[in-house]
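By convention here, the first residue in the shown sequence is residue 1.
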Amino acid sequence: QVRIEESGGGLVQPGGSLKLSCAASGFPFRSYVMSWYRQFPGTERELLGSISGLHSITNFLDSVRGRFTISRDNVENTVTLQMNSLKPEDTAVYYCHARSHSYEYWGQGVQVTVSS
């Protein structure tokens, strides 16, 4: 059974940091490209960044490059999104995504709110 579960969301003040974690199981994690997306109300999900099984990082959104970093642990089957210098406009639901040539899976999403 495939499981993708995000954690670590919550409320943070502007300028603060937050680390999101994604725990995955039920599929060959190392073979999947793992990505983080976010979604603002009433909009499509936008890709923040991706990391391959060999830790090659791609596709970082311009507006978060230099503030957000992505990493993965192929032993623990986790992927993290470290978010620094957070801004109110980063407030969104953040999703973990797994993709192979044939399949893709989504987590349920976690709310991140940046507000004073």
Derivation and outcome, side-chain contact (heavy atoms from CB on, under 4.5 Å), residues Leu81 and Phe68:
CA-CA 7 Å; Leu81 181 69; Phe68 292 9; 4.2 Å; yes
How many angstroms lie between atom OG of Ser52 and atom CZ of Arg30, to the nearest 0.5 angstrom?
11.0 Å
Please tell me whether Thr78 and Asp73 have a donor and an acceptor in their side chains that are separated by less than 3.5 angstrom.
no
Using a 4.5 Å cut-off on heavy atoms from C-beta on, say whether the side chain of Glu89 contacts that of Val114.
no
Going by salt bridge (charged side-chain N to carboxylate O under 4.0 Å, His left out), name the residues that satisfy it together with Glu5, two or more places apart in sequence or in a different chain.
Arg3
Report whether Val2 and Val33 are members of the same hydrophobic cluster (ILVMFWY, side-chain heavy atoms less than 4.5 Å apart, transitive linking).
no
Does some side-chain heavy atom of Cys22 sit less than 4.5 Å from a side-chain heavy atom of Ile4?
yes
Would you call the rings of Tyr105 and Tyr103 parallel, tilted or perpendicular if under 30° counts as parallel and over 60° as perpendicular?
parallel
Sequence neighbours excluded, the answer for side chain to side chain contact (heavy atoms under 4.5 Å, CB included) partners of Arg65 is Phe60, Asp62
Rounded to the nearest 0.5 Å, what separation is found between the CG atom of Leu18 and the CE atom of Met83?
4.5 Å
Has the side chain of Gln111 got a donor or acceptor atom that lies under 3.5 Å from a matching backbone atom of Gly9?
no
Consider only side-chain heavy atoms of I, L, V, M, F, W and Y, link residues closer than 4.5 Å, and tell whether Phe27 and Val79 are in one cluster.
yes
Do Thr91 and Phe40 pass the side-chain contact (heavy atoms from CB on, under 4.5 Å) test, and can you show the C-alpha distance, the side-chain angles, and the key distance before you say yes or no?
CA-CA 7 Å; Thr91 296; Phe40 306 110; 6.0 Å; no
Leu11 and Val110: same hydrophobic cluster, using ILVMFWY side-chain contacts below 4.5 Å?
no
For the residue pair Phe29 and Ala24, what are the closest heavy atoms and their distance?
CD1-CB, 3.7 Å
Are Leu47 and Tyr94 connected in a single hydrophobic cluster, I mean Ile/Leu/Val/Met/Phe/Trp/Tyr linked by side-chain heavy atoms less than 4.5 Å apart?
no
Counterpart residues, ring pair (Phe, Tyr, Trp, His ring centres under 6.0 Å), relative to Tyr37 (two or more places apart):
His97, Trp106
With side chain to side chain donor-acceptor pair (under 3.5 Å) as the test, would you mind laying out the steps for Ser21 and Thr80 before giving the verdict?
CA-CA 4 Å; Ser21 296; Thr80 61; 6.0 Å; no
What's the spacing between Thr113 OG1 and Asp90 CG if we round to 0.5 Å?
11.0 Å
Spatial distance of atom CD (Glu76) from atom OG (Ser25) [nearest 0.5 Å]
12.5 Å
Would the distance check show the side chain of Arg99 and the main-chain N or O of Ser35 forming a donor-acceptor pair, the cut-off being under 3.5 Å?
no
Taking it one step at a time, do Gln82 and Ser17 satisfy side-chain contact (heavy atoms from CB on, under 4.5 Å)?
CA-CA 8 Å; Gln82 177 67 47; Ser17 298; 3.9 Å; yes
side-chain contact (heavy atoms from CB on, under 4.5 Å), that's the test. Do Tyr32 and Met34 meet it? Break it down for me.
CA-CA 6 Å; Tyr32 278 63; Met34 300 300 296; 4.3 Å; yes
Does the cation-pi check pass for Arg38 over Tyr95, that is, NZ or CZ under 6.0 Å from the six-membered ring centre and within 45° of its axis?
no
If only atom types and distance count, is the side chain of Arg72 paired as donor or acceptor with the main-chain N or O of Asn77 below 3.5 Å?
no
